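Right, one structure below, let's go through it.
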Amino acid sequence: MKRMCVCIVVLLLSRAGAFAGERGAARGETTFLIRCDDAGMCHAVNRALREVIATGMPVSVSVMFACPWYREAVALLRGHDQVSVGVHLTLNAEWKNYRWGPVTGRCAVPTLVDSEGYFFPSRAELFAHAPDTVEVERELRAQVVRALHTGLRIDYLDYHMSAAVSTPAFRRVVERLARQYGLGISRYFGEEDLDGWYAVPPSAKKDTLLARAAVVEGGPPRLLVFHVGLTGTEMDALEDLNSFGLKEMSAHREAELRALTSPEFRQLIEAKRVKLRTYADLKASVGVEGMKRPAGD
């Protein structure tokens, strides 16, 4: 009977994957913090995130609580202790023919919306309409409150297209909300960005990720941001209204998914003994009182 129990325990641990138990980090160790953005934006993004979660990797997932598919994202995030959930504070809606507006409603934040009640597609258009900081705080607070009311453990804030931290006044709003609700803020824990794969061709994403990750040795936590999705009729139809938006965006997003969940990336993490951490881990070890505004911001 004792031998059977031991075998069951070993089986459960193996099914949890090699990532289990790799969340702590000591000084001198290499630490990655993987953040997946845009959860709840659409069904195809949520389906891709389901694949990420199924790997067992400790990841941080940023949810757009202003978007129509956020409820599905909430449902798939429940019950996964290795996932840290954040609010992807949203003041833009960048896709042609697929738009969203404020949680508070258009009448409550008139300087943040266009004539149809949707968020503006770009930061330039937002600021061309003189956004009221009071309205910004009203809307961002509503997004945080909606997130908290889902019953998920919310650990941190970050910002879609950086609009919510694009002025000193807006940044103070985000910091005030974090203090009030006891939340972390992405990039306020001394993380350094590890990037370079966002704009490369889809066929080069995995090799770029592996090359960039392979040379990291020790130092501060490295923040790896991914925008995952699945190609198909839904995501293929989305067209970024910003001139800098990626063409064939759905192919880019699926390529990021495949790179992140690839056996080669997992093998690199294991070979380098990389510690995977989340914003829940950073909140526990550093505390929100230990956060610092990024240098230069």
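Bear in mind the structure is a predicted one, so any value in this text is a computation, not a measurement.
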So, the side chain of [X] versus the backbone of [Y]: is there a donor-acceptor pair under 3.5 Å, distance only?
| X | Y | result |
| --- | --- | --- |
| Arg212 | Trp197 | no |
| Trp100 | Asn92 | yes |
| Arg253 | Thr231 | no |
| Glu139 | Val103 | yes |
| Lys292 | Phe189 | no |
| Arg222 | Pro220 | yes |
| Glu256 | His227 | yes |
| Lys283 | Gly182 | yes |
| Thr90 | His88 | yes |
| Thr278 | Val59 | no |

Problem - Phe170 and Phe127 aromatic centres sub-6.0 Å - result: yes

Do the side chains of [X] and [Y] join up, straight or via other hydrophobic residues, at under 4.5 Å, putting them in one cluster?
| X | Y | value |
| --- | --- | --- |
| Val136 | Tyr118 | no |
| Leu209 | Leu268 | yes |
| Tyr198 | Val228 | no |

Problem - Lys/Arg-Asp/Glu bridge criterion (N-O < 4.0 Å) met for Arg258, Glu254 - result: yes

Handout entry: Test: Glu116 and Arg106 ion pair at under 4.0 Å
Key = no

Roughly how far apart are [X] [atom1] and [Y] [atom2], rounded to 0.5 Å?
| X | Y | atom1 | atom2 | result |
| --- | --- | --- | --- | --- |
| Asp195 | Thr208 | CG | OG1 | 11.0 Å |
| Thr104 | Arg138 | OG1 | CZ | 7.5 Å |
| Tyr156 | Ser60 | OH | OG | 4.5 Å |
| Glu264 | Asp207 | CD | CG | 8.5 Å |
| Leu49 | Leu77 | CG | CG | 7.5 Å |
| Leu230 | Arg47 | CG | CZ | 4.5 Å |

Exercise for the section: For Arg71, look at atom CZ and say whether over 12 heavy atoms of other residues, nucleotides or ligands are found less than 6.0 Å away. Expected result: no

Handout entry: Arg176, CZ atom: more than 12 neighbouring heavy atoms under 6.0 Å
Key = yes

Handout entry: CA sep, side-chain torsions, deciding dist, call: Thr55, Arg266, side-chain hydrogen bond (donor to acceptor under 3.5 Å, both in side chains)
Key = CA-CA 10 Å; Thr55 67; Arg266 184 173 188 140; 5.6 Å; no

Problem - Single hit among Val134, Asp132, Thr133 for side chain to side chain contact (heavy atoms under 4.5 Å, CB included) with Thr111 - result: Asp132

Practice task
State which residue, out of Thr150, Val87, Val85, Leu152, fulfils the side chain to side chain contact (heavy atoms under 4.5 Å, CB included) condition with Val63.
Solution key: Val85

Of all the heavy-atom pairs spanning [X] and [Y], show the shortest one and how long it is.
| X | Y | answer |
| --- | --- | --- |
| Val174 | Leu157 | O-CD1, 3.8 Å |
| Ala259 | Ser262 | O-OG, 2.8 Å |
| Tyr279 | Arg187 | OH-N, 3.6 Å |
| Leu76 | Ile53 | CD1-CD1, 3.3 Å |
| Glu135 | Leu112 | O-CD1, 3.8 Å |
| Arg78 | Gly151 | NH1-C, 4.3 Å |

Student check: side-chain heavy atoms of [X] and [Y] closer than 4.5 Å:
| X | Y | result |
| --- | --- | --- |
| His160 | Asp38 | yes |
| Leu183 | Val288 | no |
| Tyr188 | Arg293 | yes |
| Leu260 | Cys36 | yes |
| Met41 | Met235 | yes |
| Tyr181 | Val145 | yes |

Side-chain polar contacts of residues 241-251 - donor-acceptor pairs under 3.5 angstrom, sequence neighbours left out - could you list them?
unit_1 : atom_1 : unit_2 : atom_2 : d
Asn242 : ND2    : Pro121 : O      : 3.0
Asn242 : ND2    : Asp240 : OD1    : 3.0
Ser250 : OG     : Asp236 : OD1    : 2.5

Exercise for the section: For Ser186 and Tyr159, test the side chains for any donor-to-acceptor distance below 3.5 angstrom and give the result as yes or no. Expected result: no

Handout entry: Criterion side-chain contact (heavy atoms from CB on, under 4.5 Å) on Asp114 and Glu125, from CA distance to verdict
Key = CA-CA 9 Å; Asp114 64 16; Glu125 287 183 75; over 6 Å; no

Practice task
Show your reasoning for whether side-chain contact (heavy atoms from CB on, under 4.5 Å) applies to Met161 and Leu91.
Solution key: CA-CA 8 Å; Met161 296 173 58; Leu91 294 172; over 6 Å; no

Completion exercise
So the ring-ring contact (aromatic ring centres under 6.0 Å, His included) pairs with at least one residue in residues 34-54 (sequence neighbours excluded) are His43-Trp69

Practice task
Walk me through it: do Phe265 and Ile269 pass the test side-chain contact (heavy atoms from CB on, under 4.5 Å)?
Solution key: CA-CA 6 Å; Phe265 184 56; Ile269 288 172; 3.6 Å; yes

Practice task
Using the side-chain contact (heavy atoms from CB on, under 4.5 Å) rule, take Val144 and Ile154 through it: C-alpha gap first, then chi angles, then the decisive distance, then the call.
Solution key: CA-CA 9 Å; Val144 173; Ile154 304 299; over 6 Å; no

